[in-house]
Amino acid sequence: MNFIRQIDFKRVALHCLYWIFFLFFYITNKSNDTSTYDFTFVYTWKILAQAIAGYGLIYWIIPQTLNKKKYLLFIVSALSWLYIVFAFLMILKYYYLEPKFPGFFDDWLGHKMNIPQRLTSVKLILREFSFITYPIIILGFISFNRKQQRLLKLEEEKKSMELKVLKNQLNPHFLFNTLNNLYTLTLKKDDKAPEVIAKLSEILDFVLYRCNEDYVSIEKEIALIENYIALEKLRYSENRLDISFTKDIQESNKISPLIVLTFIENAFKHGVVNETEKAAIRLKLESKKQQIIFSIENTKPKNDFAAISDKSKIGLINVRKQLDLLYPKKHKMEINETQTHYTVKLYLSL
């Protein structure tokens, strides 16, 4: 019962229709002086031989040899299998079909040959091989196409899962930094804490509910960046931070959510937090036809705390992985570091 339940009856029916189609194709091309019954009976056996050869190659020999890159073994096995089917067909014709239908095979190449001659005739072998294999080629192409579609589907599912994992790694990293900021303000009993909570609420709404899609509108990403900047600016006085965010939106494109936020986080963490003097951050986001350009530049502290930590590198690694998945061969990232400045420029082709 379990074996029956595992049978894909739809697929079995489609395969049966495939071979029935070939049978009707042969019947429509038969000569008028040949009995339809005789022709159908004989060619049913021939199609059976084609099916045996085809399924043996596709479901047995190819998986065990060609898929495992055993090319020589595949050639030997395939030719041996086709010859076995050929021999079966020759014996069937000689001992069963020809006596049952005398005269039907009068024009056939091997009619006057005995069994040893038929099994060793190169001309007959080549002719019968071509007859046996051409439906197999079509069936093999269909099978290959179905496997390619399954592989593409699996690749898409794998890509989707990888993106979810990367975003799950990025979101806690971002939230951890933001909650640390809030914690600092609450310890100081700063009046700015409620405003921070409001901004954080908007950011959480974006991160938790609007980041499930691979792409969001550039306007939503700008709103996230502005909320984040506003939240960070609450921590610093004008004497500590000089920040500007320039936007040039010529076309409303879509962008992967949070893809640029890691760079902004790092700019604050390494360009502002450890700076004893006034830090500067310059952001620019351009959205043009079929292209998005993001650039950020921050000053580096004049002390020994400017090195990027391993935790920050995690965010940069995740961004690179997301770019490879979402913008394969359609992105370019330039990082330039001097003694006084750190600059990132990201180009996204759409």
Ring center gap for Phe105 and Phe101 short of 6.0 angstrom: no

Taking atom types as modelled and ignoring hydrogens, do the side chains of Gln250 and Ser287 form a donor-acceptor contact shorter than 3.5 angstrom? no

To the nearest 0.5 Å, tell me how far Glu98 CD sits from Met90 CE. 8.5 Å

Could you list the residues that satisfy side chain to side chain donor-acceptor pair (under 3.5 Å) with Lys70, not counting sequence neighbours? none

Check step by step if ring-ring contact (aromatic ring centres under 6.0 Å, His included) holds for Tyr71 and Phe74. CA-CA 5 Å; Tyr71 302 115; Phe74 165 70; 8.3 Å; no

If the threshold is 4.0 Å, N to carboxylate O, is there a salt bridge linking Asp242 and Arg282? yes

Mind checking what makes side-chain contact (heavy atoms from CB on, under 4.5 Å) contact with Phe24, not counting sequence neighbours? Ile20

For residues 75-97, which residue pairs qualify under salt bridge (charged side-chain N to carboxylate O under 4.0 Å, His left out), counting only residues two or more places apart or in two chains? Lys93-Glu128

Return the CD1 to NZ distance between Ile292 and Lys289, rounded to the nearest 0.5 Å. 15.0 Å

Lys332: partners by side chain to side chain donor-acceptor pair (under 3.5 Å), with sequence neighbours left out: Glu334

Taking every non-hydrogen atom, the tightest pair across Tyr347 and Ile293: CD2-CG1, 3.9 Å

Are Ile27 and Thr40 packed together at the side-chain level, in the sense that at least one heavy-atom pair is separated by less than 4.5 angstrom? yes

For Gln50 and Lys46, which I'm curious about, is there any donor-acceptor pair between the side chains at under 3.5 Å? no

So, does Lys300 use its side chain to make a donor-acceptor pair with the main chain of Thr338 at under 3.5 Å? yes

Taking side-chain contact (heavy atoms from CB on, under 4.5 Å) as the definition, give me every residue that meets it alongside Tyr55, ordered by chain and number, with sequence neighbours left out. His15, Trp19, Ala51, Tyr59, Leu139

Rounded to the nearest 0.5 Å, what separates atom CH2 in Trp81 from atom CG in Leu57? 8.5 Å

Between atom CZ of Phe86 and atom CD1 of Ile125, what is the distance when rounded to the nearest 0.5 Å? 4.5 Å

Tell me whether the guanidinium CZ or amine NZ of Lys100 lies under 6.0 angstrom from the six-membered ring centre of Phe41 and within 45° of its axis. yes

Sequence neighbours excluded, which residues qualify as side chain to side chain donor-acceptor pair (under 3.5 Å) partners of Glu251? none

Ala267 to Ile296 - nearest heavy-atom pair and separation: CB-CD1, 3.6 Å

So how far is it from Leu350 CG to His331 NE2, rounded to the nearest 0.5 Å? 13.0 Å

For Glu219 and Ser252: C-alpha separation, side-chain torsions, deciding distance, then whether side chain to side chain donor-acceptor pair (under 3.5 Å) applies. CA-CA 7 Å; Glu219 289 80 9; Ser252 180; 3.0 Å; yes

Lys254 and Val216, any side-chain heavy atoms less than 4.5 Å apart: no

